[in-house]
Number of protein chains: 2
Amino acid sequence: MSSYKDKKVITIGIVSELTGLSERKIRYYEERGLIFPERTKRGTRVYSFMDVEILLKIADKREEGVQTGEIKKDMINEKKKSDVRNQMLRGQLNAHFKMRK
Amino acid sequence: MSSYKDKKVITIGIVSELTGLSERKIRYYEERGLIFPERTKRGTRVYSFMDVEILLKIADKREEGVQTGEIKKDMINEKKKSDVRNQMLRGQLNAHFKMRK
DNA sequence: CGTGTAAGGAATTCTGACACG
DNA sequence: CGTGTAAGGAATTCTGACACG
C-alpha cells in the first residue's frame with residue numbers, strides 16, 4: 001500500500017525547488033492544515049512526492065484566487081468521495097468472494 | 001521511463017537514516033564510483049530511492065567482505081547483462097513489428 | 001488573509017586531512 | 001583499503017515576530 005510516492009524524505013529546500021513555492025508559503029500551508037510533513041529526529045520537515053503534488057495543486061488554486069480555507073474544504077470533500085467509492089468497491093468484492101473480516 | 005524512484009531529491013542525512021550507513025561511507029562509495037548523486041545549486045548531494053537501494057546492496061556486499069573494486073565490477077557486469085537482454089528484446093520487437101528507427 | 005523579511009540559534013553539509021590498520 | 005574524527009566555513013532549517021494590506 002505504501003510506496004516511494006508516500007515516503008517522507010524530501011527537505012523543504014528541495015520541495016521549494018520542485019514546486020517553485022517559497023519556504024514561507026509551504027510552511028504556511030502546513031499551518032492551515034493543507035499539508036502534513038513529518039519531522040526528522042532533529043525537527044526538520046520532510047515531505048513525500050505525494051506532498052509535492054498536493055502543493056502543486058494548492059499553487060494552482062491559489063493562483064485562481066481560492067483561499068486556503070476553501071482549498072481545505074475541497075480536499076476534504078474529494079477524500080470523502082474517494083472513501084465512498086472505496087467502501088462501495090469493498091462491499092462488492094465482499095459480496096462476490098464472500099470474504100470474512 | 002523516469003519515475004519517483006529515479007528522481008534525486010534526498011539529502012545525505014536522510015539517506016544515512018534510510019540505509020544505516022554513515023555519511024562518511026556514503027561519500028566514500030561515491031569516491032570509488034559506486035554511486036552517483038547529483039548536486040543542488042549550492043553543492044549539496046541529493047540521492048534517489050534507487051540510489052538508496054544500491055547503497056543497501058553495497059552494504060550487504062561489504063558485510064560479506066567484498067571490496068569496493070569488486071563491487072564495482074559486479075555492478076558493471078550486471079549492467080552489461082541487462083543491456084544485452086534489452087538489445088535482444090529490442091531486436092525481437094523490431095523484427096516483429098518492423099519498426100523503423 | 002497570505003506572504004515577505006530580518007533575527008538568532010541550532011543542525012547540516014562540504015572538503016581536505018590525519019589516524020589506524 | 002575502508003572508515004572514524006576534529007576543523008572551519010558555508011548553507012539550511014526552525015520559530016516567533018513585525019510589516020503590509
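No hydrogens, no waters, no symmetry mates; every other heavy atom, side chains included, goes into these values. As the structure is a prediction and not an experimental result, all values here were calculated from the model. A note on names: the letters A, B, ... follow the listed sequences, proteins ahead of strands, and every chain is numbered from 1.
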Residues two or more places apart in sequence or in another chain: which of them pass salt bridge (charged side-chain N to carboxylate O under 4.0 Å, His left out) with Lys8(B)?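 With neighbours one apart ignored, the set is Asp51(B).
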
Has [X] got a side-chain N or O lying under 4.0 Å from the OP1 or OP2 atom of [N]?
X        : N       : value
Arg45(A) : dT15(D) : yes
Arg42(A) : dT13(D) : no
Thr11(B) : dT13(C) : yes
Thr44(A) : dC14(D) : no

Has the side chain of Ser16(A) got a donor or acceptor atom that lies under 3.5 Å from a matching backbone atom of Leu21(A)?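 It does hold such a pair.
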
Starting at [atom1] of [X] and ending at [atom2] of [N], how long is that distance when rounded to a whole Å?
X        : N       : atom1 : atom2 : result
Ile14(A) : dT13(C) : CD1   : P     : 10 Å
Tyr47(B) : dC14(C) : OH    : C1'   : 11 Å
Lys8(A)  : dT13(D) : NZ    : P     : 17 Å
Arg27(B) : dG16(C) : CZ    : C1'   : 12 Å

Between Tyr28(A) and Arg32(A): side-chain donor-acceptor atoms closer than 3.5 Å: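 Judged by distance alone, the side chains do pair up.
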
How does DNA chain C look in dot-bracket form if you count Watson-Crick and G-U pairs under 3.5 Å, write [ ] for pairs that cross, and put | where a base pairs with another strand? .||||.||.|.|.||.||||.

Hey, what do you get for CD1 (Ile58(B)) to CG (Leu34(B)), rounding to the nearest 0.5 Å?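 It comes to 4.5 Å.
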
Could you tell me the separation between the OG1 atom of Thr19(A) and the NZ atom of Lys57(A), rounded to the nearest 0.5 Å?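 One finds 14.5 Å between OG1 of Thr19(A) and NZ of Lys57(A).
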
Looking only at the aromatic ring of each residue, does the gap between the centers of Phe49(B) and Tyr4(A) stay below 6.0 angstrom?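 Yes, the ring centres sit under 6.0 Å apart.
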
Pairs under 3.5 Å (N/O, protein and nucleotides 2-4 of chain D):
residue	atom	partner	partner atom	Å
dG2(D)	OP1	Thr68(B)	N	2.7
dG2(D)	OP1	Thr68(B)	OG1	3.0
dG2(D)	OP2	Tyr28(B)	OH	2.6
dG2(D)	OP2	Arg32(B)	NH1	2.8
dG2(D)	OP2	Thr68(B)	OG1	2.8
dG2(D)	O3'	Arg62(B)	NH2	3.1
dT3(D)	OP1	Tyr29(B)	OH	3.2
dT3(D)	OP2	Tyr29(B)	OH	2.8
dT3(D)	O4	Arg24(B)	NH2	3.1
dG4(D)	OP2	Ser22(B)	OG	2.7
dG4(D)	N7	Arg24(B)	NE	3.2
dG4(D)	O6	Arg24(B)	NH2	3.2

Check whether any side-chain heavy atom of Ile10(A) sits under 4.5 Å from a side-chain heavy atom of Ile10(B), and report yes or no.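 A side-chain contact is absent here, since even the closest heavy-atom pair is not under 4.5 Å.
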
For Arg45(A), the option from Glu30(A), Glu23(A), Glu38(A) that meets side chain to side chain donor-acceptor pair (under 3.5 Å):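 When side chain to side chain donor-acceptor pair (under 3.5 Å) is applied between Arg45(A) and each of Glu30(A), Glu23(A), Glu38(A), only Glu30(A) qualifies.
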
Would you mind checking if Lys73(B) and Glu70(B) are paired as a salt bridge, meaning a charged N to carboxylate O distance below 4.0 Å?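 The answer is yes: the pair qualifies as a salt bridge.
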
